[in-house]
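Have a look at the structure below before the remarks.
On a predicted model such as this, the values are computed, not experimentally measured, just so you know. Residues take their numbers from the sequence shown, with the count starting at 1.
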Amino acid sequence: MTRNTPASTAAPSASTRATLTRPTRRAALAAVGATLAAPWVGARANGVAGGRTITLVVSYPAGGGADLMARIMAPRLSEALGQSVVVDNKPGASGQLAAAAVARATPDGTTLLLDASSFAVNPSLYPKLPYDSNTAFVPLAVLATFPNVLVCHPGFDAKTVQDVIAKAKAQPDGVAYASSGNGSAQHLAGALFEERTGVKLSHIPYRGGGPAMNDVMGGQVPLFFANVASSLGHIQAGKLRPLAVTSTLRARSLPNVPTMAETGVTNYEVLEWNPILAPSGISADTRKLLVAGIRKALADPEVLGRIRALGGDTFADATQASAGKFIQAQQAQWATVIRERKIVAG
């Protein structure tokens with residue numbers, strides 16, 4: 001009887017053994033790349049607070065500028081972070097109600113404040129805020145900046161800003177400007193204009209920007225520091241005449257309208273802007289993740305296009321590293337104006 005024996009197998013050569021045991025260059029590079037990417041992938045996969053819904057608490061009513069920015073940003077921020085982002089309007093007390101709610105929130109990144117430029121004004125207008133603006137929040141970003149535009153009734157006899165200055169110097173308190181109320185952005189823009197030009201205007205406060213602009217178009221009040229987005233259609237229709245924009249650069253939507261500096265008014269800049277802030281105590285990792293998501297959302301062409309359609313532009317520092325310093329500088333500027341012009345809320 002013949003025994004069946006297995007066929008002998010030749011031992012691999014030295015070169016073959018080296019090929020089998022030594023990783024290829026491509027595999028080694030892939031392993032290194034995976035190791036380096038692991039922290040970001042892990043953070044992105046877990047999301048903010050384990051992927052829970054993020055709420056943008058907006059300090060003003062639906063339909064306003066801050067609300068529009070929130071609704072432009074929310075879907076893109078959701079895509080960037082990979083988790084739901086919703087908008088919650090908490091209007092009232094010039095933004096204080098929303099800010100107070102966020103200041104009390106758990107600092108895990110799921111409750112954020114989307115405010116307006118009034119955030120920098122309120123500490124000087126309201127000495128007893130229910131929070132400390134400098135310690136209760138961590139700035140994440142300034143989304144966009146929007147210039148105002150000094151407009152007048154088409155029949156107003158001043159054709160330029162220098163004409164307005166000459167007329168106001170000849171008739172102190174004789175040239176009036178409308179605003180949406182005491183301490184409003186328009187009121188502060190007019191107060192800074194007075195300070196920089198040495199004139200004295202007559203301030204006419206209204207209950208809201210709409211009624212103020214309507215009376216300027218109607219000829220009851222000659223001047224108004226208007227939001228570009230809300231006044232652009234009236235300017236194009238010939239119902240308002242623009243004299244100058246309040247930014248250091250001309251507005252994209254009003255390329256033929258000079259800046260205040262170009263008209264001879266130096267050291268004058270008034271911007272409306274929208275910050276996103278987190279409650280104090282947020283972790284560095286969560287802050288970094290949120291800022292990265294906001295930056296990605298702002299880089300989206302649709303977001304940029306919609307901001308520019310509103311007459312603004314994204315914050316000049318795309319890294320957002322200087323957002324906190326910008327907010328501090330705005331607080332300092334308006335604190336000086338409010339104190340020196342003795343402006344009170346009303």
Side-chain angles (χ1 to χ4, degrees), residues 39-40 43-44 46-60 66 69-70 72-74 76-78 80-90 93-124 126 129-145 271-299 314-335:
W40 166 251
R44 177 66 173 76
N46 294 330
V48 173
R52 288 167 49 204
T53 296
I54 294 172
T55 300
L56 295 178
V57 181
V58 181
S59 52
Y60 288 90
M69 282 302 304
I72 289 170
M73 285 292 294
R76 294 296 177 261
L77 184 57
S78 176
L81 295 173
Q83 59 196 102
S84 296
V85 178
V86 299
V87 176
D88 180 20
N89 297 88
K90 287 188 181 298
S94 296
Q96 295 180 54
L97 296 184
V102 173
R104 294 191 301 266
T106 302
D108 59 2
T110 60
T111 305
L112 306 176
L113 175 65
L114 198 156
D115 209 339
S117 47
S118 56
F119 180 82
V121 175
N122 284 349
S124 297
Y126 304 98
L129 290 174
Y131 50 84
D132 185 331
S133 298
N134 294 318
T135 61
F137 305 97
V138 174
L140 300 178
V142 173
L143 301 179
T145 57
L271 298 171
E272 296 188 38
W273 41 276
N274 299 110
I276 292 185
L277 306 106
S280 181
I282 189 172
S283 72
D285 287 343
T286 300
R287 182 182 184 280
K288 187 180 297 183
L289 193 60
L290 286 167
V291 171
I294 292 169
R295 289 178 60 188
K296 186 174 181 180
L298 286 173
T314 52
F315 186 53
D317 180 4
T319 70
Q320 295 295 338
S322 63
K325 289 183 178 179
F326 172 85
I327 294 172
Q328 290 175 349
Q330 289 287 302
Q331 287 176 323
Q333 171 177 292
W334 295 120

May I have the step-by-step check of side chain to side chain contact (heavy atoms under 4.5 Å, CB included) for Asp115 and Val58, ending in yes or no? CA-CA 6 Å; Asp115 209 339; Val58 181; over 6 Å; no
Run the side chain to side chain contact (heavy atoms under 4.5 Å, CB included) check on Leu81 and Leu290 step by step: do they pass? CA-CA 8 Å; Leu81 295 173; Leu290 286 167; 4.0 Å; yes
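When all heavy atoms are compared, the tightest approach of Ala98 to Ser59 is CB-CA, 3.5 Å. For the residue pair Asn274 and Ala116, the shortest heavy atom distance occurs at ND2-CA, 3.8 Å. The nearest pair of heavy atoms linking Pro107 to Pro279 is CB-O, 3.9 Å. Closest heavy-atom contact between Gly281 and Val138: N-CG2, 4.5 Å. Residues Val291 and Thr319 share a closest heavy-atom pair of CG1-O, 4.3 Å. Heavy atoms only, all atoms of each residue included: Val85 and Ala74 are closest at CB-O, 3.7 Å.
The main-chain N or O of Gly95 is never found under 3.5 Å from a side-chain atom of Asn122 such that the two would form a donor-acceptor pair. Under the 3.5 Å distance criterion, the side-chain polar atoms of Ser283 are matched with a main-chain donor or acceptor of Thr286. Under the 3.5 Å distance criterion, the side-chain polar atoms of Arg295 are matched with a main-chain donor or acceptor of Ala318. In this structure, the side chain of Ser280 engages the main chain of Thr135 through a donor-acceptor pair within 3.5 Å. With Thr106 contributing its side chain and Asp108 its backbone, the two residues share no donor-acceptor pair below 3.5 Å. In this structure, Asp317 contributes its side chain and Ala323 its backbone to no donor-acceptor pair below 3.5 Å. Gln330 contributes no side-chain N or O that, together with a main-chain N or O of Ser117, makes up a donor-acceptor pair within less than 3.5 Å.
To the nearest 0.5 Å, the span separating CD on Gln96 from OH on Tyr131 amounts to 5.0 Å. Atoms OG1 and CD, from Thr110 and Gln83 in turn, are 9.0 Å apart once rounded to the nearest 0.5 Å. Once rounded to the nearest 0.5 Å, the distance linking CD1 of Ile294 with CG of Leu77 reads 6.0 Å. Residue Gln328 holds its CD atom at 11.5 Å from OG of Ser133, rounded to the nearest 0.5 Å. Rounded to the nearest 0.5 angstrom, Leu277 CG and Phe119 CZ are separated by 5.0 Å. Annotation: the span from Arg287 atom CZ to Leu140 atom CG amounts to 6.0 Å, rounded to 0.5 Å.
Put simply, the side chain of Val121 does not reach to within 4.5 Å of the side chain of Gln331, judged on heavy atoms. The side-chain heavy atoms of Leu112 and Leu114, taken from C-beta on, include no pair separated by under 4.5 Å. With a 4.5 Å cut-off on side-chain heavy atoms, Phe315 and Trp273 do not count as touching. Residues Met73 and Leu298 are in side-chain contact: their nearest non-hydrogen atoms beyond the backbone lie under 4.5 Å apart. Inter-residue side-chain proximity for Val86 and Thr53 is flagged as met; some heavy-atom pair is nearer than 4.5 Å. The side-chain heavy atoms of Leu113 and Ile276, taken from C-beta on, include no pair separated by under 4.5 Å.
Residues Ser118 and Tyr60 have side chains that bring a donor and an acceptor to within less than 3.5 angstrom of each other.
Qualifying salt bridge (charged side-chain N to carboxylate O under 4.0 Å, His left out) partners for Arg76, counting only residues two or more places apart in sequence or in other chains: Glu79, Asp300, Glu302. Listed by chain and number, the residues in a salt bridge (charged side-chain N to carboxylate O under 4.0 Å, His left out) with Asp88 are Lys90 (sequence neighbours excluded).
Considering Val102, Ile327, Ile282 as possible partners of Phe137, the one that fulfils the side chain to side chain contact (heavy atoms under 4.5 Å, CB included) test is Val102.
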